[in-house]
Trainee: 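What follows is a structure written as structure tokens; I'll ask about it next.
As the structure is a prediction and not an experimental result, all values here were calculated from the model. Chain identifiers are assigned alphabetically (A, B, ...) following the order of the sequence lines, protein sequences preceding nucleic acid strands; residue numbering begins at 1 within each chain. All heavy atoms count here, side chains included; hydrogens, waters and symmetry mates do not.
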Amino acid sequence: MILRTHYSGQIRPDMDGSEVVLAGHAHETRDLGGILFLVVRDREGLSQVTMVAKRTERSILETVRGLSRESVVSVRGKVKAEAKAPRGFEIIPSSVQVLARADSPLPLDPTGKVDCELDTRLDSRFMDLRRPASMAVFRIESAVLQSLRQTFYSKGFTEVCTPKVVATATEGGTALFPISYFEKEAFLNQSPQLYKQILMSTGLDRVFEIGPIFRAEEHDTRRHLNEAISVDIEMSYADHDDVMALLESAVAEAYRFVGEVCQHELSVLGLDLHVPKTPFRRVTYTEALDMAREAGRASMEWGDDIDTETEHYLGSTIGEHYFLTDWPAKVKPYYTQPYDDRPEVSKGFDLMHPTMELASGAQRVHDYGLLVERMKSQGLDPDGFEFYLKAFRYGMPPHAGWGLGLGRLVQTMLGLENIRDAVLFPRDRKRLVP
RNA sequence: GUCCGGAUAGUGUAGUGGCCUAUCAUGAAGCCCUGUCGAGGCUUCGACCCGGGUUCGAAUCCCGGUCCGGGCGCCA
């Protein structure tokens, strides 16, 4: 049984006369009485199947007339070049099989004739993804992942998988999800940070991980989720400048690659992708604060975290990707390396899109004594971190790294209003299903 | 968490106290139609988030709840 020989995108008018088998969803049928059209949709597009009533087998006509929208069909037939047909060809069927019948009414309209709200779409995500514009986002996301992996492998990185179930909640200030782990208390990990760093003491030197992170924060915005995919790297014998260079080239290359391999998806979305120019502008925290103050847009003191209003002002002023560097040490985590000559300033950085933060990273503290001291000064108890600190006592190379939010990268690349559009099955404060 | 806005057929919407037996589109069922491509024409079906209150009368006003959207906060 052959259920498909060609996708829609592979059929062309010059295949006139050849037999093909299409399979997909019944996008719509148009019955004009004497002539009947069935439009079959697969992941590459639409194909029209044409049946002239007088010249078509009765059983085929009955099957197609009884077809509910979105039923799954397999159509065997001959390609006929036809100027009157969409895309210049149509299929004259010799058989039409219904592989699965769809119920009616549908939870939303995949043809796009009637709008639907994000919440409705997410409730029936399987059906939403039949809309070409929704599917295109995730085929592009896949290309972004492929590109990022290619970049990392080409630079000598090893892909790793670190645990998502962890024992300690003392990693930092963010809220973690507690879970039951046999007789013990455990948590879902908020970041692979500590494990990436432990791996730097092994001599593996360059690692990356693409995996989920979990944050139990009550945030409820169009750029936050409680489960996200983080693209994380850690690199030995490198400083913050080295990993910023890697980050900007990885991001720019992802844009370039998507533009090359996702032309169909980009045209479905009506986008003309602009590859950001590297190197990205570097703006120090102090410069950013001065810019905002001069414009009367900031009431912050040096040392405060940058608030959303200031972040948006900077983004709209700068207008392209940029790095925010040289953050006050006290607003960055304990593992962020301070400058030798001015310890109140750190080698931490954020990668910013004009609309939001995409990534944050730093050169890390690799000196055991300094790390313990920094932990204590941020109110953490080093005893809870023994599994981590141990790796710093037996020869830890200097290293640096970053974590990049995949959803935000795709969201900003495609100009999506809500990060939920860029995640197949988003998890937020309210949504746990599907 | 907080502020602002919202919730009407399966979906998307109109409707600011009586004109609502609730609009339109899409959909579904049926009929007509040989080139549709958001096909067209005709008929039919299908809805006011939940609970209280005000009023002669509530989809509409008030209170509480639930859910949704946006801003901010939170996000080492």
Trainee: Considering only side-chain heavy atoms of A/Cys116, which listed nucleotide, B/rA76, B/rG12, B/rG1, is closest?
Mentor: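 Ranking B/rA76, B/rG12, B/rG1 by closest atom to the A/Cys116 side chain puts B/rG12 first.
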Trainee: Could you check which of B/rA76, B/rC75, B/rG70 has an atom nearest any side-chain atom of A/His224?
Mentor: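 Out of B/rA76, B/rC75, B/rG70, the nucleotide with an atom closest to A/His224's side chain is B/rC75.
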Trainee: So, does A/Asp304 use its side chain to make a donor-acceptor pair with the main chain of A/Glu301 at under 3.5 Å?
Mentor: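 Indeed, once roles are kept as given, a pair shorter than 3.5 Å links the two residues.
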Trainee: The side chain of A/Lys113 lies closest to which of these nucleotides: B/rA76, B/rG38, B/rG12?
Mentor: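 Shortest atom-to-atom distance from the side chain points to B/rG38.
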Trainee: Going by the angle between their ring planes, with limits at 30° and 60°, are A/Tyr339 and A/His240 parallel, tilted or perpendicular?
Mentor: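 Plane angle over 60°, so perpendicular.
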Trainee: P atom, B/rC75 versus B/rU16: distance in rounded Å?
Mentor: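 Per the computed distance, 44 Å lies between those P atoms.
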Trainee: Would you mind telling me which residue lines up with the more 5' stretch of RNA chain B, A/Pro107 or A/His219, judged by nearest nucleotide?
Mentor: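 Counting from the 5' end, the first nearest nucleotide belongs to A/Pro107.
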Trainee: Look at the aromatic rings of A/Phe157 and A/Phe208 and report parallel, tilted or perpendicular, splitting at 30° and 60°.
Mentor: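 Perpendicular, since the angle between the ring planes exceeds 60°.
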Trainee: In whole Å, measure the gap between the C1' atoms of B/rC61 and B/rU54 for me.
Mentor: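 The answer is 8 Å between these two C1' atoms.
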Trainee: Determine the Euclidean distance between corresponding C1' atoms of B/rG27 and B/rG12; express it in Å to zero decimal places.
Mentor: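 Those two atoms are separated by 11 Å.
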Trainee: Quick one: are A/Leu188 and A/Leu176 in side-chain contact, heavy atoms under 4.5 Å?
Mentor: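 No. Closest side-chain heavy atoms not under 4.5 Å.
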Trainee: Between B/rA76, B/rG12, B/rG27, which nucleotide has the shortest distance from any of its atoms to the side chain of A/Pro105?
Mentor: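 My answer, after comparing the listed nucleotides, is B/rG27.
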Trainee: Which part of the nucleic acid does A/Glu218 contact within heavy-atom distance under 4.0 Å: base, sugar-phosphate only, or nothing?
Mentor: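 Base: the residue A/Glu218, judged by heavy atoms under 4.0 Å, touches a nucleobase.
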Trainee: Could you label the plane-to-plane angle of the A/Trp327 and A/Tyr285 rings as parallel, tilted or perpendicular, counting under 30° as parallel and over 60° as perpendicular?
Mentor: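 Tilted, since the angle between the ring planes falls between 30° and 60°.
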Trainee: Among B/rG12, B/rG71, B/rG73, which is the nearest nucleotide to the side chain of A/Arg222?
Mentor: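 When the side chain of A/Arg222 is considered, B/rG71 is the closest of B/rG12, B/rG71, B/rG73.
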Trainee: So if I define the base as every atom that isn't primed, P, OP1 or OP2, how would nucleotides 32-37 of chain B read as a B/S/- string at a heavy-atom cutoff under 4.0 Å?
Mentor: -BBBBB
Trainee: What's the closest nucleotide to the side chain of A/Glu217 if the choices are B/rG27, B/rG70, B/rC75?
Mentor: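 Comparing B/rG27, B/rG70, B/rC75 against the side chain of A/Glu217, the answer is B/rC75.
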Trainee: Measure from the side chain of A/Arg429, starting at C-beta and using heavy atoms only, and say which of B/rG1, B/rG71, B/rG27 lies closest.
Mentor: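 The listed nucleotide nearest to A/Arg429's side chain is B/rG1.
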Trainee: Take atom P in B/rG69 and the same atom in B/rA28, then report the distance between them in whole Å.
Mentor: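 Rounded to whole Å, the distance is 28 Å.
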Trainee: Pick the nucleotide of RNA chain B nearest each of A/Asp115 and A/Thr221; which residue has the one closer to the 5' end?
Mentor: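 Taking each residue's closest nucleotide, the earlier one in sequence belongs to A/Asp115.
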Trainee: Could you check A/Lys196, A/Arg364, A/Gln197 and say which one makes a side-chain hydrogen bond (donor to acceptor under 3.5 Å, both in side chains) with A/His399?
Mentor: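 Among the candidates, only A/Gln197 passes.
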Trainee: Please report the distance separating the C1' of B/rA39 from the corresponding atom of B/rC20, rounded so that it comes out in whole Å.
Mentor: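 Straight-line distance between the two C1' atoms is 33 Å.
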Trainee: Assess the side chains of A/Asp307 and A/Thr310: does a donor N or O sit below 3.5 Å from an acceptor N or O?
Mentor: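 There is such a pair between these side chains.
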Trainee: Scan every strand shown for a Watson-Crick or G-U wobble partner of B/rU2, both distances under 3.5 Å, and answer none if you come up empty.
Mentor: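 Pair assignment: B/rU2 / B/rG71.
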Trainee: Say you pick atom C1' in B/rG46 and the same atom in B/rU8; how far apart are they, in whole Å?
Mentor: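 That atom pair is separated by 13 Å.
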Trainee: Can you tell me how far C1' in B/rC49 sits from the matching atom in B/rU44, rounded to whole Å?
Mentor: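 It works out to 28 Å between them.
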Trainee: Counting neighbours of CZ on A/Arg393 that are heavy atoms of other residues, nucleotides or ligands and sit closer than 6.0 Å, is the number greater than 12?
Mentor: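 For A/Arg393, atom CZ is crowded (more than 12 foreign heavy atoms under 6.0 Å).
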Trainee: What does B/rC24 pair with, Watson-Crick or G-U, if both distances are under 3.5 Å?
Mentor: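 Here B/rC24 is engaged in a pair, and the nucleotide opposite it is B/rG12.
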Trainee: Provide the distance between the two C1' atoms, one in B/rG73 and one in B/rC4, to the nearest whole Å.
Mentor: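 The same atom, C1', in both gives a distance of 15 Å.
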Trainee: Measure from the side-chain heavy atoms of A/Thr120 and tell me the nearest of B/rU11, B/rG73, B/rC75.
Mentor: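 The answer is B/rU11.
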Trainee: Students often get this wrong, so: under 4.0 angstrom with heavy atoms, is A/His312 touching a base, only sugar-phosphate, or nothing?
Mentor: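 Since only primed, P, OP1 and OP2 atoms lie under 4.0 Å of A/His312, the category is sugar-phosphate.
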Trainee: Is there a Watson-Crick or G-U wobble partner for B/rA47 with both distances under 3.5 Å, and which nucleotide is it?
Mentor: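 Base partner found: none.
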Trainee: Give one of base, sugar-phosphate or nothing for A/Thr111, where a contact means two heavy atoms less than 4.0 Å apart.
Mentor: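 Nothing, no heavy atom under 4.0 Å.
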Trainee: So, A/His219 versus A/Thr221: side-chain donor-acceptor pair below 3.5 Å or not?
Mentor: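 Note: A/His219 and A/Thr221 side chains miss the donor-acceptor criterion.
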Trainee: In the structure shown, which nucleotide is the Watson-Crick or G-U wobble counterpart of B/rC42, with both distances under 3.5 Å?
Mentor: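 In the structure as shown, B/rC42 has B/rG30 as its Watson-Crick or wobble partner.
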